[in-house]
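Step one of this worksheet: look at the structure below.
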Amino acid sequence: MKAFTSSAILALTAAAAGMVAAADGDEKLDSASAKFVAPPFNGLVKFTPADKGASIVVNITSGLVEGEQYPWHIHQFAVPANGSCDATGGHLDPFQIKKAGMPYTCDKNTANVTCEMGDLSGMFGNLTTTAAANGSAQLTATAPYLEFTGNNTILDKALVIHDSKGKRVACTNITQTSEDHE
């Protein structure tokens with residue numbers, strides 16, 4: 001029976017998680033994405049590691065209604081096999097920014113102390129469309145507090161789009177992707 005060193009076990013764990021160990025010990029992740037494929041909502045939200053946090057590129061190609069506001073958030077849990085958006089828990093909030101019984105206001109200028117990590121609408125605004133855009137929306141932003149590893153990772157969490165009344169109208173999982181396999 002072969003014995004493994006702790007560094008070998010860590011390397012195997014990193015490989016299993018889809019991480020690539022660089023020669024200098026840094027870990028690299030190509031990207032993560034959330035692909036909406038359930039009509040009427042279609043599109044892709046891509047998360048790419050940045051110097052701090054993540055670069056986010058939203059490209060919703062259909063499903064939005066002109067004049068409506070669509071809050072969007074990362075939720076605590078993945079979408080289960082039955083597709084229930086209601087089973088994804090609340091917004092990702094590992095630092096417990098939102099306190100029960102207290103008013104919650106996300107200020108993008110002080111997001112690290114006023115915003116739930118998953119409150120993308122609070123930091124970057126709701127998704128909207130125009131008649132000319134025909135149900136689509138695009139947005140590019142940098143979220144300095146999103147994480148790809150550890151206890152607060154966004155991987156294998158749900159990305160949820162709500163209607164203006166708060167109903168969950170679309171959801172999909174955020175999964176690791178490779179630049180070569182999208």
Side-chain angles (χ1 to χ4, degrees), residues 13 16-19 29-49 53-98 100 104 106 115-131 133-141 143 145-182:
T13 304
M19 304 303 291
L29 172 72
D30 286 338
S31 63
S33 63
K35 189 171 186 176
F36 291 94
V37 293
F41 292 93
N42 287 290
L44 181 71
V45 179
K46 186 171 180 181
F47 301 87
T48 306
S55 168
I56 303 171
V57 177
V58 176
N59 185 20
I60 302 298
T61 56
S62 66
L64 304 179
V65 176
E66 180 185 3
E68 291 290 316
Q69 298 285 316
Y70 293 90
W72 56 302
H73 308 100
I74 298 170
H75 282 235
Q76 297 170 293
F77 310 117
V79 180
N82 69 5
S84 172
C85 295
D86 292 331
T88 62
H91 302 165
L92 182 62
D93 188 18
F95 305 113
Q96 299 177 345
I97 299 296
K98 188 174 181 180
Y104 170 77
C106 175
C115 299
E116 299 164 318
M117 183 183 287
D119 188 359
L120 301 176
S121 289
M123 290 183 263
F124 310 115
N126 292 332
L127 299 175
T128 60
T129 191
T130 63
N134 197 29
S136 68
Q138 287 74 40
L139 179 140
T140 301
Y145 307 107
L146 296 184
E147 300 178 20
F148 291 93
T149 60
N151 293 334
N152 303 325
T153 182
I154 63 170
L155 296 174
D156 300 318
K157 304 288 192 278
L159 183 62
V160 178
I161 298 175
H162 301 261
D163 67 14
S164 58
K165 295 178 178 118
K167 180 180 176 189
R168 299 171 187 201
V169 294
C171 58
T172 191
N173 290 324
I174 300 170
T175 57
Q176 181 175 338
T177 53
S178 168
E179 294 295 323
D180 299 330
H181 298 83
E182 286 195 48

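One N or O on the side chain of S121 and one on the backbone of W72 form a donor-acceptor pair closer than 3.5 Å. At distances below 3.5 Å, at least one donor-acceptor pair connects side-chain atoms of Y70 with backbone N or O atoms of V65. Listed for the T172 side chain is no donor-acceptor partner under 3.5 Å among the backbone atoms of F36. Judged by distance alone, the side chain of S164 and the main-chain N or O of Q69 form no donor-acceptor pair under 3.5 Å. In this structure a side-chain-to-backbone donor-acceptor pair under 3.5 Å is present from T129 to S136.
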Margin query: Please evaluate residues T48 and S55 with respect to the criterion side-chain hydrogen bond (donor to acceptor under 3.5 Å, both in side chains), reporting the C-alpha separation (whole Å), side-chain torsions for both, the decisive distance (0.1 Å), and the verdict.
Written below: CA-CA 5 Å; T48 306; S55 168; 5.3 Å; no
Next item on the list: Kindly determine whether N42 and S62 satisfy side-chain hydrogen bond (donor to acceptor under 3.5 Å, both in side chains), including the steps that lead there.
Entry: CA-CA 5 Å; N42 287 290; S62 66; 3.2 Å; yes
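Under a cut-off of 6.0 angstrom, the local environment of CG in N82 is crowded, with over 12 non-hydrogen atoms contributed by other residues, nucleotides or ligands.
Note that OG1 of T175 is 7.5 Å distant from CG of D156, once rounded to the nearest 0.5 Å. Here the NE2-CG distance, from H73 to L92, works out to 11.5 Å after rounding to the nearest 0.5 Å. In this structure, the separation between CG on D86 and OG1 on T88 is 7.5 Å, given to the nearest 0.5 Å. A distance of 11.5 Å separates NZ of K157 from CG of L146, quoted to the nearest 0.5 Å. In this structure, N173 CG and I74 CD1 are separated by 12.0 Å, a value rounded to the nearest 0.5 Å. Distance check, rounded to the nearest 0.5 Å: CD1 of I174 to CD1 of I154 gives 4.5 Å.
Considering every non-hydrogen atom in both A87 and P80, the closest pair reads CB-CG, 3.8 Å. In this structure, A32 and L155 approach most closely via the heavy-atom pair CB-CD2, 3.5 Å. Closest approach of M117 and M123 over heavy atoms only: O-CE, 3.5 Å. The shortest non-hydrogen separation linking G89 to H75 is O-ND1, 2.7 Å.
Residues D119 and K98 fail the side-chain proximity criterion, which asks for heavy atoms closer than 4.5 Å. Residues E116 and C106 form no side-chain contact, since every pair of their non-hydrogen atoms from C-beta on lies 4.5 Å or further apart.
The one candidate from N126, L159, V45, L139 that meets the side-chain contact (heavy atoms from CB on, under 4.5 Å) condition with L120 is L159.
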